[in-house]
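Reviewing the structure listed below.
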Amino acid sequence: MYSPALPSSLHHPQPGLRPPVSLRVLKGWVPGTVLYIAVSLVLTGIVPYPELNVPAPVAFALDRIGIPWGGALLGITSVLLVLLFGQTRIIFAMSRDGLLPAAFGKVHPTLRTPVNVTLLVGLVTATIGSLLPLGAVAELVNIGTLAAFIIVSAGVIVLRRTRPDAPRPSRVPFVPAVPLLAIFSCAYLIVALPTVTHLRFVVWLLIGLVVYFAYGSRRTGRKGEAREKMVAEGDGTPSGPR
């Protein structure tokens, strides 16, 4: 599954600018990996590495050098940027596929980004964060993400069997072993979450199913056929692994 932190060009490629998918994935992941290594080197230069085995190592290290507020500010800001960027692109892609109204797929004429969706997601996130316990919200986000990984992994197995000849610019290796491993790993983490989180997730899932069957299912079929035609003609790529 493509990470929401990857460049938007990976999810929404432009005709004529199509390097191999693997190269685009590496371009998105390599800088992040380098930054993680750089941050780790800085932290171990501030605090001996045996002492960094704590839940918030960045905040712990900054507190050592007299910046107790730095960890919270940097940590929350970086997470919000990545998650908000990813969520807006997911909503944009769902609108493009017909699962949500077309208004969510509009982009700014100058910035060429989904500004309206970005503002909406930011407002909803701020409202939820200010009214609900952050622990409960974090657990619900975790179980939703893990469930999405399970669905995508199962979809890879199904599509590989039901549509073996579909265009695949990128292929998941060792199917079904890799998807099954992902499914079992995510299911194990889901089981470890509290029961109340499972119940909340079921309610949230039912709401999503209602929206899908009431609105998206009738529209996504036609757009899916048009998308496959574009892929076959070389004008686009699928938005996910197969």
Exercise for review: Walk me through it: do L84 and T125 pass the test side-chain contact (heavy atoms from CB on, under 4.5 Å)?
Suggested key: CA-CA 9 Å; L84 291 180; T125 302; 3.6 Å; yes
Practice item. Mind running side-chain contact (heavy atoms from CB on, under 4.5 Å) on V107 and T113 for me, showing each step along the way? Key: CA-CA 5 Å; V107 298; T113 56; 5.9 Å; no
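Taking every heavy atom of both residues into account, V137 and I128 meet most closely at CG2-CG2, 3.9 Å. Of all heavy-atom pairs spanning P173 and V178, the tightest one is O-CG2, 3.2 Å. When all heavy atoms of L43 and A61 are compared, the closest pair comes out as CD2-CB, 3.5 Å. Closest of all the heavy-atom pairs between S95 and G105 is OG-N, 3.0 Å. The two residues S153 and P179 have their closest heavy-atom pair at O-CB, 3.4 Å. Residues H198 and I190 share a closest heavy-atom pair of NE2-O, 2.7 Å.
Criterion: ILVMFWY side-chain heavy atoms under 4.5 Å apart, direct or through other members. Under it, L120 and L100 are part of a common hydrophobic cluster. Under the 4.5 Å side-chain contact rule for hydrophobic residues, F60 and V39 share a cluster. The hydrophobic cluster containing I65 also contains V58, counting ILVMFWY residues as joined when their side-chain heavy atoms lie under 4.5 angstrom apart, directly or transitively. Linking ILVMFWY residues whenever their side-chain heavy atoms come closer than 4.5 Å, directly or via other members, places L99 and F213 in the same cluster. Residues W204 and V196 do not share a hydrophobic cluster, clusters being chains of Ile/Leu/Val/Met/Phe/Trp/Tyr side chains in contact below 4.5 Å.
A cation-pi arrangement is present between R89 and F85 under the rule of less than 6.0 angstrom and at most 45 degrees off the ring axis.
Taking CG of L83 as the start and CD1 of I90 as the end, the distance is 9.5 Å to the nearest 0.5 Å. Here the CG atom belonging to L123 is positioned 12.5 Å from the OG1 atom belonging to T118, to the nearest 0.5 angstrom. Atom CZ in R64 sits 12.0 Å away from atom CG in L62 (nearest 0.5 Å). Going from atom CZ of F201 over to atom CG of L140 covers 8.5 Å, rounded to the nearest 0.5 Å. Note: C186 SG to N142 CG = 11.0 Å, rounded to the nearest 0.5 Å.
Members clustered with V211: none, using a 4.5 Å side-chain heavy-atom cutoff among hydrophobic residues.
The side chain to side chain contact (heavy atoms under 4.5 Å, CB included) with V202 is formed by just one residue from the set L199, L205, L206; it is L206. A side chain to side chain contact (heavy atoms under 4.5 Å, CB included) with P176 is found for exactly one of I157, V158, I183, L181, namely I157.
Under a 3.5 Å cut-off, the side chain of R96 and the backbone N or O of I91 do not form any donor-acceptor pair. In this structure a side-chain-to-backbone donor-acceptor pair under 3.5 Å is missing from D63 to A59.
In this structure, V117 and F92 have side chains that are not in contact, with every pair of non-hydrogen atoms separated by 4.5 Å or more. A 4.5 Å side-chain heavy-atom check between V156 and V175 finds at least one atom pair inside the cut-off. Counting heavy atoms from C-beta outward, P194 and E139 have side chains that approach closer than 4.5 Å.
Every pair tested for side chain to side chain donor-acceptor pair (under 3.5 Å) that includes a residue from residues 176-196 fails, sequence neighbours excluded, so the list is empty.
Heavy atoms from other residues, nucleotides or ligands lying under 6.0 Å from OH of Y49 number 12 at most.
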